[in-house]
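All remarks here apply to the structure that follows.
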Amino acid sequence: MSAKYKEYQHLNLPAIGEDVLSKWNENQTFEKSIAVRDGAPSFVFYEGPPSANGMPGIHHVISRTLKDLVCRYKTMKGFQVKRKAGWDTHGLPIELGVEKELGITKEDIGKKITVEEYNRKCREAVMRYKDKWDSITKKMGYWVDLNDPYITFDNQYIETLWYLLGELYKKDLLYQSVSIQPYSPAAGTGLSSHELNQPGTYKNVKDTSAVVMFKVVQNEKAQFLFDSLKAQSIQDELFFMAWTTTPWTLPSNLGLTVGPNIDYVAIHTFNPYTGIPIVVILAKNLVSKYFKAENENIDFSTYKEGDKVIPWKVVASFKGSQLADCRYEQLLPFEANTPEIAGGDPFRVIIGDFVTTEDGTGIVHTAPAFGADDYKVGKKFNIGILTLVDREGKFIDGTGEFSGRYVKNYKDDPDYVDVNVDICVKLKKENRAFKIEKYEHNYPHCWRTDKPILYYPLDAWFIKTTALRDQMVALNKEINWKPKSTGDGRFGNWLENMVDWNLSRSRFWGTPLPIWITEDGTEQKCIQTIPQLREEIKKASHLNTQKTLDTVENNIDLHKPYVDDIILMSSKGEPMKRVPDLIDVWFDSGAMPYAQWGLDHEKLAAGDPKPFNAPFDTNYPADFICEGVDQTRGWFYTLHAISSLLYGSVAFKNVISNGLVLDKNGNKMSKRLGNVIDPFKTLDEYGADATRWYLITNAAPWDNLKFDLAGIKEVQRKFFGTLYNTYQFFALYANVDGFKFEEAYIPLKDRPEIDRWIISSLNSLVKKVNELMDDYEPTQAGRAIEEFVDEHLSNWYVRLCRRRFWKGEYEHDKICAYQTLYECLETVLRLTAPISPFFSDALFSNLNEVSKRHEAASIHHVLFPVADESVIDASLEERMQMAQDISSLVLSLRKKVNIKVRQPLQKVLIPVLTQDMKTQIGKIEDLILSEVNVKELQYLTEDNGFIKKRIKPNFIALGKKLGAKMKAVAADLGSFTQEQISLLEKEGQISLFIDNEPLILMINEVEITSEDIPGWMVANKDALTVALDITVTPELINEGNARELVNRIQKIRKDNGYELTDRIEVKVEANDLLATSIEDYKAYICAEVLADQLELIPELSDGTEIEVNDISLKVFVTKKA
RNA sequence: AGAUCCGUAGCUCAGCCUGGUUAGAGCACUACACUGAUAAUGUAGGGGUCACCAGUUCAAAUCUGGUCGGGUCUACCA
């Protein structure tokens, strides 16, 4: 039996997808795609683990399409691409979800519910939507190994994290320190940034703000200030002015921060509260905020205390950098805030980039304990730290009259007296306040207690990323970022301004920090492996319960609360408890290159610096990763940090950061707005191929995508519809003729020009697609394929070649046509396979099952096409483009005068400006003539005077030479006569007078085009001009009628449901108007409609009434038995 | 607040790196045509102050600076 190419009824992409999917499942096509590359070089891909705690959305489909297409492409390029799936299972979103479900808060954990029970709930919740995820993964055609995923809550995984943390610890890159975190004294707990971002936490409140004065100490650094005062005979006290909205932080002040490039001035004036003459320093830009312009330089001697008009005068100006290290007197000294207690070298002016001149005075009161910036800059300049407020939010003992007072009304005390006001009153009395006022600003509040938070130093563990910043920056330069700007800008910038990584989280469900510590904090142990833990606990068995000992020995779970029960022993025999912190979940995912394979204890024992299970060695670093751009400072960063810190290597070599998926109006998709796209519905309705193709080709991956279902429909119809039609066309005729690609491959030189052309274009496309895919530009690649399929293959090659497939015998030309079209289809399918894996596999299999050209069972096992440069013929492609343009021009002319294409016309005129152009068109003459149904093509050369020419400057060439004279020359050329143009053409140059200066213009400095042929219908595009002879002679009408008749008979054949190959007999009712036509073209008509007989009958009783160019007549068609 | 991306036809996008005188496609709309690929296709038409302002230049959608609008990340600070 003879194999046939499968023909379809309709294009049903979802059905094709399902069909292919079940074949993949049956035949283990994915597994085989990896197996067939055994021994080949590996291409390493890392899967960023999603959390199965939420439903997959359409935005997951885009990044997974990108991941998948790169992996499929690389597989087709001959690499082995292993793809281990992963699940991110720890973290706050899961905990919050569980809390919500149980109706509890963080404080209830350990009280209303045990930590054990709570974590069990988290563990259950985390895989809640795993089924949905697995389902979308399969449906969308994302090939990833779901059978053996890495899971971040697995003991093996956590153990590897512990090992890595231990390595950091050994390198002194893991340390404990305080960090300034949002803290709620009312609730007695630190708040995560996530909690701070709850709606409604930021409120507008009115606080007492103060501009206070810090007295400058006269010493070497400040001498220049005093000198300039002395020069002006000013002997009054000199102050720095600083502003604060939290006066309660003033006793903890240890520094004043100025901007190095900000301009400051010293102003001689009077304190508005005390009337004492003073000199104050503040930013020049902010002077007007405190001093009225009309009072500048007025007479000081008339001023009395209490006057509204306060004179002032600028007495010095300087840059902030000049103030560095000037000292000042402590503002509010008490027993508890001496320099000794503060540590460091306080009460100095220091330099900070964060200082602005938008608020305040341009000098920032710096209390390191109560602000992140303050802490950072304070640490940098070693000004010490004072925490004069306790965790309940009240002043500690030793702060004078303020001791024991709450800095805000945290207890809802009706008799609360604002300590901030009292501080300000004190400062006023001491001539240390310049301006006290209520100030309204946005301040964060605790979302549970509604009380203002404060920033408070809390203990935390850090990774010292800053120690290796330079290396991280240098390694980043090795990474190929798509788009580049994300790497240079967003990521590069982030690295430059990096701070140490705060690992600590005070939560319950996560990776515990494996550090045990004695009560006095003098001894620490960092545990790296489970065996090590077992060993250590054995030494401390007397400190632990039997239950704990059993658990550790038999079935340890490296989570809370079990690890917290474990007590180790110090060298001095003291008990050691684990620090209560969990680590940032980002460490979990950033460590996946190592932890996904787990720890190899044998390698570890042998001292291998990278003791991870196989196939780690061949799977690090990654060649490619891809995630949303929101991961830049998330996963991308943590991967990079851990890899740089521990192994001095990049973790990934190429990265695509894709943009967001927005709704069709450009809004973020959110459940609240109800504009989320259900990916399941989309895939079911339109199929994965169209969805994937749309996602990839509609916008560059890193641009935000405005997702519109109408766009998928368009892709479905426009691209897949066209490709499908082309395939159907091929299958239809190939089945009729029994073409199975059995004949030897016909050398291109023996094929017609149009075949050579499409093969040339095809190879140009292959070349381009390879380059673009190698450059991680799938959007460009997809668009190039679209253009080829639509413009070249379908709209030109197939359209022009249709007759070759259904006319004539099965011999040389026909086989050429089949071979050519087959090659195009097969190659295009292979090019599209990474993007649209189902459709391409289906059609490829249809082709291959008949031709058996490839041994592979799936398109995803064959190799990606490689361009054969020897068949690319640029000049052929150029002239075919010309043929398309000329045909389009002729057709547009026909349209203008309403002469249908079926009506033959006599001739076309084309002015040719060069010999080369004439040669080129000559080669495609026949093609054009048959396409536009014209009998002959005449060339007009320049010397016949027929053509009207147009001249314009070649701006690129002339620009450099002429510069400003360009406009004048352009105007001059615009008024050139035909004679001048031909003179220039003949001589090769012409002299002009521009602005009364002579100028020689060369022929290559202008562009001459033909524009018009007097007396003809013309049309032009760029340098091409086409004229059409629209005279319709009686002979031409006869021929047109004959063609029209053929067309009508064909329609009848089709209506009657005849097979393509059926022979017929035709009887036509005699008609004077058509008699000559039918007689003259009888042979032609018969050949076209496969008629063995064509008779003219005077009267026809039966038959179909038809119209041929407004002539009515009857035709009777019968099938020959 | 900082960083970054984006802003071109009603819609989705090219073009911008490397400045050049008619700013392109597709969709949608309108009209006409084609009819053995036919739930396809072709041709033509309308539709743009290339977000705005300034600068550089003979010449700016394109280069520079700024403004506005949208997105994202980071931060929240006297």
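Below, read A as the first sequence line, B as the second, and so on, with proteins coming before strands; counting in each chain starts at 1.
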> OP1 or OP2 of rC13(B) sitting under 4.0 Å from any side-chain N/O of Asn698(A)?
Replying inline: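 So the side-chain polar atoms of Asn698(A) do come within 4.0 Å of the phosphate oxygens OP1 or OP2 of rC13(B), strictly under.
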> Under 4.0 Å: is that the gap between some side-chain N or O of Arg783(A) and OP1 or OP2 of rU12(B)?
Replying inline: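 Arg783(A) to rU12(B) OP1/OP2: no side-chain N or O under 4.0 Å.
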> Is a donor-acceptor contact shorter than 3.5 angstrom present between the side chain of Ser794(A) and the base of rA37(B)?
Replying inline: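 Side chain to base: pair found, below 3.5 Å.
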What is the nucleic acid contact for [X], judged by heavy atoms within less than 4.0 Å: base, sugar-phosphate only, or nothing?
{"X": "Gln728(A)", "value": "nothing"}
{"X": "Asp374(A)", "value": "nothing"}
{"X": "Arg717(A)", "value": "sugar-phosphate"}
{"X": "Lys718(A)", "value": "sugar-phosphate"}
{"X": "Ala242(A)", "value": "nothing"}

Write down the partner of [N] under the Watson-Crick or G-U wobble criteria, each distance required to be under 3.5 Å.
{"N": "rU62(B)", "result": "none"}
{"N": "rU57(B)", "result": "none"}
{"N": "rC17(B)", "result": "none"}
{"N": "rU43(B)", "result": "rA31(B)"}
{"N": "rC73(B)", "result": "rG2(B)"}
{"N": "rA9(B)", "result": "none"}
{"N": "rU38(B)", "result": "none"}
{"N": "rA23(B)", "result": "none"}

If you measure from the [atom1] atom in [N] to the same atom in [M], how many Å do you get, rounded?
{"N": "rG69(B)", "M": "rU57(B)", "atom1": "P", "value": "31 Å"}
{"N": "rG42(B)", "M": "rC50(B)", "atom1": "P", "value": "30 Å"}
{"N": "rC53(B)", "M": "rA61(B)", "atom1": "C1'", "value": "16 Å"}
{"N": "rG65(B)", "M": "rU43(B)", "atom1": "C1'", "value": "47 Å"}
{"N": "rA54(B)", "M": "rG70(B)", "atom1": "C1'", "value": "23 Å"}
{"N": "rC16(B)", "M": "rC76(B)", "atom1": "P", "value": "41 Å"}
{"N": "rA14(B)", "M": "rA59(B)", "atom1": "C1'", "value": "23 Å"}
{"N": "rC29(B)", "M": "rC68(B)", "atom1": "C1'", "value": "32 Å"}

Centroid-centroid under 6.0 Å between [X] and [Y] rings:
{"X": "Phe707(A)", "Y": "Tyr694(A)", "result": "yes"}
{"X": "Phe370(A)", "Y": "Trp248(A)", "result": "yes"}
{"X": "Phe491(A)", "Y": "Phe636(A)", "result": "no"}

Separation of [N] [atom2] from [X] [atom1] (nearest whole Å):
{"X": "Trp635(A)", "N": "rU74(B)", "atom1": "CH2", "atom2": "C1'", "answer": "20 Å"}
{"X": "Lys1051(A)", "N": "rC34(B)", "atom1": "NZ", "atom2": "P", "answer": "12 Å"}
{"X": "Glu791(A)", "N": "rA14(B)", "atom1": "CD", "atom2": "P", "answer": "18 Å"}
{"X": "Arg802(A)", "N": "rC34(B)", "atom1": "CZ", "atom2": "P", "answer": "13 Å"}
{"X": "Lys376(A)", "N": "rA75(B)", "atom1": "NZ", "atom2": "P", "answer": "10 Å"}
{"X": "Asp708(A)", "N": "rU12(B)", "atom1": "CG", "atom2": "P", "answer": "8 Å"}

[X], nearest nucleotide to its side chain (from [options]):
{"X": "Arg799(A)", "options": "rU41(B), rA39(B), rC13(B)", "answer": "rU41(B)"}
{"X": "Asn795(A)", "options": "rU41(B), rG26(B), rA37(B)", "answer": "rU41(B)"}
{"X": "Phe955(A)", "options": "rG20(B), rG26(B), rA37(B)", "answer": "rG20(B)"}

Has the side chain of [X] got a donor or acceptor atom that lies under 3.5 Å from a matching backbone atom of [Y]?
{"X": "Ser887(A)", "Y": "Ala883(A)", "result": "yes"}
{"X": "Gln1050(A)", "Y": "Glu1088(A)", "result": "yes"}
{"X": "Asn1056(A)", "Y": "Tyr1058(A)", "result": "no"}

> Pick the nucleotide of RNA chain B nearest each of Ala700(A) and Tyr733(A); which residue has the one closer to the 5' end?
Replying inline: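 Looking at the nearest nucleotide for each, Ala700(A) comes out on the 5' side.
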>> On RNA chain B, does the nearest nucleotide to Trp796(A) precede the nearest nucleotide to Trp702(A) from the 5' side, or the other way round? Give the residue.
In response: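 Per heavy-atom nearest nucleotide, the more 5' residue is Trp702(A).
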> How are the rings of His792(A) and Phe788(A) set relative to one another: parallel (under 30°), tilted (30 to 60°) or perpendicular (over 60°)?
Replying inline: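 Ring orientation, 0 to 90° scale: perpendicular.
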> Hey, is Glu1044(A) close enough to Arg1048(A) for a salt bridge, meaning N to O under 4.0 Å?
Replying inline: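 A salt bridge links Glu1044(A) with Arg1048(A).
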